[in-house]
Amino acid sequence: MRITTFNANSIRTRLPIIIPWLLEHQPDILAVQETKVQDHEFPGDAFREIGYHCVFNGEKSYNGVALISREPADDIRSGFYDGDEKNHSRLIRGRWGDMHVINAYVPQGRDRESDHYAGKLEWLRNIRKMLDNDYSPDMPVIWLGDLNVAPEPMDVHDPKGLDGHVCFNSELTELFYEVCAWGFRDVFRKHHPEPGQFSFFDYRAASVYTHKGWRIDHILTTTPLFDKSRDAWIDLKPRRLREPKPSDHTFVTADFEI
DNA sequence: ATGGTAGTAGAACTA
């Protein structure tokens with residue numbers, strides 16, 4: 001079983017990257033964030049034409065999440081709880097058999113003093129509440145997506161210069177690990193303990209060419225799945241393309257022996 | 001260099 005996360009930064013603009021990537025790498029599930037499209041304009045036909053099902057929650061211009069999969073999901077849920085309209089376009093959950101997938105686009109936070117940053121911390125606390133309510137760490141559960149958290153110094157290109165950033169500071173990373181203490185483990189780091197592994201490169205300052213990146217896109221699983229993971233990898237090629245135009249994030253994938 | 005680029009929109013906001 002192969003599962004991938006990708007912040008598309010507009011799924012319509014990124015179809016020339018996503019469709020060939022799906023055909024080449026054949027993931028069972030692709031979790032997309034920042035689709036930036038309302039539901040009635042979602043390009044579902046492009047995925048159905050190559051044999052993928054898709055479910056999505058979007059809004060105009062901002063946010064938006066989707067689950068694109070070989071097999072249709074048995075259950076789809078949106079937000080932290082049924083009827084949570086406020087978080088529809090940042091959280092979509094699916095179940096395939098006994099495997100639960102939580103696709104999240106965690107708020108970025110803008111700056112430490114803003115309400116947006118306070119909302120980001122609250123968002124992570126709500127994830128923990130949702131986990132406590134709806135799942136158990138002995139179940140096969142995957143939490144993946146653009147989590148807007150670089151957990152360790154090695155997850156940013158300049159840990160000293162970037163300390164205090166909304167995606168890299170001790171308050172945030174401590175909270176992140178409190179959420180993970182529910183029962184999540186970092187599948188990517190199981191296979192790649194080395195530094196220099198990044199999933200996001202700012203469009204500005206040609207960061208991709210100097211490898212000044214961040215690892216903020218994650219695939220975390222409960223122990224039953226963690227033990228069955230066989231590989232994880234970041235595909236930098238789609239980020240380095242000039243044509244077609246790249247997203248500022250790239251694909252992060254985990255492979256499991258199931 | 002507190003800049004830089006990109007997407008959505010069709011000006012200014014978000015990242």
Side-chain angles (χ1 to χ4, degrees), chain A residues 5-19 21 30-44 46 56-66 68 86-92 103-124 144-151 155-169 171-173 176 198-218 234-252:
Chain A
T5 180
F6 180 53
N7 179 320
N9 187 17
S10 172
I11 196 163
R12 287 178 292 184
T13 298
R14 230 56 73 193
L15 281 178
I17 284 184
I18 297 174
I19 298 298
W21 199 93
L30 172 66
V32 183
Q33 307 85 38
E34 281 209 271
T35 56
K36 294 189 171 181
V37 65
Q38 297 173 93
D39 290 349
H40 70 275
E41 293 180 306
F42 190 93
F56 40 81
N57 290 315
E59 63 183 275
K60 197 170 184 170
S61 300
Y62 303 113
N63 308 323
V65 284
I68 295 161
K86 185 165 170 279
N87 294 294
H88 264 215
S89 61
R90 286 189 180 274
L91 190 65
I92 188 166
N103 175 20
Y105 176 44
V106 175
Q108 194 258 9
R110 298 196 197 176
D111 64 80
R112 293 284 296 277
E113 282 68 45
S114 73
D115 293 342
H116 298 275
Y117 178 70
K120 177 182 194 173
L121 301 181
E122 186 62 24
W123 216 89
L124 288 167
L144 82 174
D146 178 355
L147 306 190
N148 269 314
V149 177
D155 294 321
V156 298
H157 59 89
D158 178 11
K160 283 182 182 158
L162 294 170
D163 187 23
H165 187 279
V166 287
C167 297
F168 180 63
N169 66 78
E171 175 187 41
L172 176 71
T173 53
F176 177 72
F198 303 131
S199 64
F200 164 81
F201 300 87
D202 198 305
Y203 283 125
R204 298 165 289 187
S207 63
V208 70
Y209 304 107
T210 51
H211 207 65
K212 291 182 176 173
W214 301 63
R215 195 177 71 97
I216 54 176
D217 302 273
H218 300 288
I234 292 172
D235 185 4
L236 288 176
K237 287 194 293 297
R239 179 64 185 88
R240 288 180 171 151
L241 292 170
R242 287 191 176 277
E243 290 293 339
K245 295 191 289 184
S247 169
D248 41 2
H249 297 249
T250 197
F251 298 78
V252 182

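Toward the 5′ end of DNA chain B lies the nearest nucleotide of A/Pro246, the other residue of the pair A/Phe200 and A/Pro246 mapping further downstream. Checking A/Lys245 against A/His116, the closest nucleotide of DNA chain B that is more toward the 5' end is the one next to A/Lys245.
Every residue was checked against the salt bridge (charged side-chain N to carboxylate O under 4.0 Å, His left out) condition with A/Arg110, not counting sequence neighbours, and none meets it. For the salt bridge (charged side-chain N to carboxylate O under 4.0 Å, His left out) test, no residue two or more places apart in sequence or in another chain qualifies with A/Lys60. Scanning for salt bridge (charged side-chain N to carboxylate O under 4.0 Å, His left out) contacts around A/Glu41 gives A/Arg12, with sequence neighbours left out.
Side-chain contact check for A/Ile18 versus A/Phe6: some heavy-atom pair is nearer than 4.5 Å. Between A/Ile11 and A/Ile68 the shortest side-chain heavy-atom distance falls below 4.5 Å. Put simply, the side chain of A/Lys120 reaches to within 4.5 Å of the side chain of A/Cys167, judged on heavy atoms.
Atom C1' of nucleotide B/dA6 and atom CD of A/Gln108 are separated by 15 Å, given to the nearest angstrom. For the pair A/Tyr105 OH and B/dG7 C1', the interatomic distance rounds to 12 Å; values are reported in whole Å. If you measure from atom CG of A/Asp111 to atom C1' of B/dA15, you get 13 Å, rounded to the nearest angstrom. The distance from atom CG of A/Leu241 to atom C1' of B/dA6 is 16 Å, rounded to the nearest whole Å. Between A/Asn63 atom CG and B/dT8 atom P the separation is 14 Å, expressed in whole Å. Atom CZ of A/Arg112 and atom P of B/dA15 are 17 Å apart (whole Å). To the nearest angstrom, C1' of B/dT14 lies 10 Å from CG of A/Asn9. Rounded to an integer number of Å, the gap from A/Asn7 CG to B/dA6 P is 16 Å.
Rounded to a whole angstrom, the distance from the P atom of B/dG4 to that of B/dA9 is 25 Å. Taking the C1' atoms as reference points, B/dA6 lies 16 Å from B/dA11, given to the whole Å. Spacing between B/dA12 and B/dA1 at atom C1', rounded to whole Å, works out to 23 Å. Nucleotides B/dG3 and B/dT8, compared at atom P, are 25 Å apart to the nearest Å.
At the heavy-atom level, A/Phe201 lies nowhere under 4.0 Å from the strands shown.
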Report all side-chain donor-acceptor pairs from residues 204-211 of chain A shorter than 3.5 Å, counting only partners two or more places apart or in another chain.
{"residue": "A/Arg204", "atom": "NE", "partner": "A/Asp202", "partner atom": "OD1", "Å": "2.9"}
{"residue": "A/Arg204", "atom": "NE", "partner": "A/Asp202", "partner atom": "OD2", "Å": "3.4"}
{"residue": "A/Arg204", "atom": "NH2", "partner": "A/Asp202", "partner atom": "OD2", "Å": "2.9"}
{"residue": "A/Ser207", "atom": "OG", "partner": "A/Asp202", "partner atom": "N", "Å": "3.0"}
{"residue": "A/Ser207", "atom": "OG", "partner": "A/Asp202", "partner atom": "O", "Å": "2.5"}
{"residue": "A/Thr210", "atom": "OG1", "partner": "A/Ser207", "partner atom": "O", "Å": "3.3"}
{"residue": "A/His211", "atom": "NE2", "partner": "A/Gly196", "partner atom": "O", "Å": "2.8"}

Close N/O contacts between protein and nucleotides 9-13 of chain B (under 3.5 Å):
{"residue": "B/dA9", "atom": "OP1", "partner": "A/Ser61", "partner atom": "OG", "Å": "3.3"}

So which protein N/O to nucleotides 3-5 of chain B N/O distances come out below 3.5 Å?
{"residue": "B/dG4", "atom": "O6", "partner": "A/Arg204", "partner atom": "NH1", "Å": "3.1"}

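Between the side chain of A/Asp235 and the backbone N or O of A/Thr250 there is no donor-acceptor pair closer than 3.5 Å.
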